[in-house]
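What follows is one structure encoded as structure tokens, with my remarks underneath.
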Amino acid sequence: MPVITVSRQMCSLGDDVAEALSRKLGWELIARNNLFSRFPQIAPTPYDLHMLNESAKYYLKQREGERTFRDVLQQELQEYLKDHSAVMMGFGSQVLLADSRDALHVRIIAPKKTRIQRARKQYHVSEEEAEKILDTADRKHKKFVSTVFDADLSDPACYHLILNTAALSVDECVASILALFKERELHRQMELEAEQLEVRDNLSERPVFKNQAEEEFAKILDMYQIDWKYEPKTFPIEWDAEGNVTMAFSPDFYLTKFDTYIELTTMNQKYVTIKNRKVKKVRELYPGTNIKIVYKKDFYSLFNRCNPNGEL
Amino acid sequence: MKYKRIVFSEEALSARVRALGKQITEDYAGKDLLLVSVLKGSVFFLTDLARAIDLPLQIDFMSVGIHPNPGGVAGVVRITKDLDHDIAGKHVLLIEDIVRAGLTTGYLMQNLEARGAASIRVCALLSNQAEQLISVPIAYSGFEVPKTRLVGYGLDVDEQGRNLPFIAEIQTGVDGN
């Protein structure tokens with residue numbers, strides 16, 4: 001089920017954003033303050049609960065067999081998300097669910113001076129005291145994720161979206177996240193439909209070949225029980241100055257067991273020269289790619305050997 | 001039988017086969033070796049090679065044919081002579097006279113792999129890398145040959161010429177191997 005994780009700097013308005021998302025979507029908000037009561041299996045004894053609240057290293061302690069507290073936390077969350085959607089705030093959830101295709105990872109940040117102003121108002125402290133509070137919180141957050149998950153929570157690559165609340169309101173942040181979430185769900189749905197379509201095609205239909213030679217070549221491969229795929233991959237081979245692909249090459253066949261691409265050339269010499277150039281580029285740009293060209297003469301020789309009375 | 005020129009003399013073939021035999025002897029020492037000859041072209045090569053290998057070994061034969069499909073589309077490849085012995089646990093060396101497109105060799109390797117051999121490798125007297133469609137790994141190769149029609153030492157033209165002691169290039173316009 002879909003899940004949105006919210007990582008946030010202290011006084012970045014991240015808590016408000018997570019709560020507003022939870023209300024708007026009607027999803028449960030799971031955060032550090034309700035994590036252990038919501039999933040009591042993570043900390044089965046009062047001592048475990050105390051240690052998990054106090055020490056990041058305790059998450060790495062083995063509690064039964066090979067499993068650590070971190071493993072149990074991950075498993076409990078994954079089990080829960082099989083049937084429920086949720087907003088998850090903090091506790092390294094963006095790393096725990098990094099590989100989940102159903103997860104959207106968001107980080108809320110703000111400039112230091114903005115956060116200091118907010119901390120001063122919230123805690124009624126001086127500027128120096130506010131800065132110290134924030135530094136301690138930032139350090140502890142970073143250390144927790146680093147110790148438990150061996151990850152850097154400030155790495156932008158951990159997130160799909162990073163929002164700066166210096167000039168964005170909570171409502172604007174929520175609207176941005178929801179817009180991205182809806183777009184992503186739509187895209188995900190299309191992907192699933194495409195996957196189902198592909199499975200159906202492979203099972204019931206042969207590909208639409210560009211010419212009869214390709215069709216006959218596929219029959220020859222079938223004769224020898226050699227598994228093949230038709231145009232399964234496209235190699236970009238030329239780019240413009242901006243890095244846009246201007247020329248690509250899709251070999252006709254891929255022989256899966258022999259890791260070999262085959263390109264048929266039964267056309268006139270002009271096209272053969274172009275294909276030769278493309279194949280040369282593929283070999284240069286993608287070292288180790290095994291690609292063969294079957295020329296017109298060789299194709300007909302093979303065809304005649306396999307079809308003594310055949311006509312093409 | 002008219003041929004243009006001798007490509008590999010009897011002496012050259014003998015020397016190369018002895019060298020291959022020596023290498024195989026070193027590589028397969030202490031292993032349960034089975035030479036599988038693909039009929040008919042590799043028979044002469046097999047008998048000479050087997051005698052150049054200084055190891056206890058077994059030999060067996062396979063044959064593959066293309067049978068026309070009554071439906072008019074491509075025929076059906078099938079094994080017309082299968083092995084007499086179980087190859088499970090054995091180190092199989094597939095002996096080929098010539099590997100060109102590699103389709104037959106690929107077909108046989110796929111077939112043999114399903115039978116539980118300890119290893120399956122290919123020894124080809126002649127091969128043409130440029131002509132290979134599929135990348136059949138050839139562990140032992142006698143000679144690299146160009147795209148010419150050859151006869152002799154097992155290779156035939158309409159079932160003739162296999163017993164020539166050398167390998168020759170035949171006149172164009174005659175169907176070869």
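These values consider heavy atoms only, across backbone and side chains, with no hydrogens, waters or symmetry-generated copies. Chain letters run A, B, ... following the sequence lines, proteins first, then strands; residues in each count from 1.
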**OP:** Output all residues satisfying side-chain hydrogen bond (donor to acceptor under 3.5 Å, both in side chains) with Asp155(A), sequence neighbours left out; order by chain, then residue number.
**Re:** none

Original post:
Tell me, do Leu133(B) and Phe217(A) make a side-chain contact under 4.5 Å, heavy atoms counted?
Top reply: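 When only atoms from C-beta onward are counted, Phe217(A) and Leu133(B) do touch, with a gap below 4.5 Å.
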
**OP:** State, yes or no, whether a side-chain contact exists between Thr260(A) and Gln132(B) at a heavy-atom distance under 4.5 Å.
**Re:**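 No, every pair of side-chain atoms sits at 4.5 Å or beyond.
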
Original post:
Could you name the residues of residues 279-292 of chain A that have a heavy atom within less than 4.5 Å of a heavy atom in chain B?
Top reply: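 Answer by number: Asn290(A), Lys292(A).
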
State whether the number of non-hydrogen atoms from other residues, nucleotides or ligands found under 6.0 Å of [X] atom [atom1] is greater than 12.
X	atom1	answer
Lys22(B)	NZ	no
Asp150(A)	CG	no
Asp99(A)	CG	no

**OP:** State which residues pass side-chain contact (heavy atoms from CB on, under 4.5 Å) with Ser146(A); sequence neighbours excluded, sorted by chain then number.
**Re:**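 Ser146(A): no side-chain contact (heavy atoms from CB on, under 4.5 Å) contacts found.
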
Original post:
Side chain, backbone, both or neither: which part of Leu255(A) has a non-hydrogen atom closer than 4.5 Å to chain B?
Top reply: side chain

**OP:** Counting only heavy atoms closer than 4.5 Å, note whether Ile293(A) contacts chain B via side chain, backbone, both or neither.
**Re:**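 For Ile293(A), neither part sits under 4.5 Å from chain B.
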
Subject >> Interface residues of residues 103-113 of chain B facing chain A - heavy atom cut-off under 4.5 Å >> reply: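 Within residues 103-113 of chain B, the residues under 4.5 Å from chain A are Leu103(B), Thr104(B), Gly106(B), Tyr107(B), Gln110(B), Glu113(B).
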
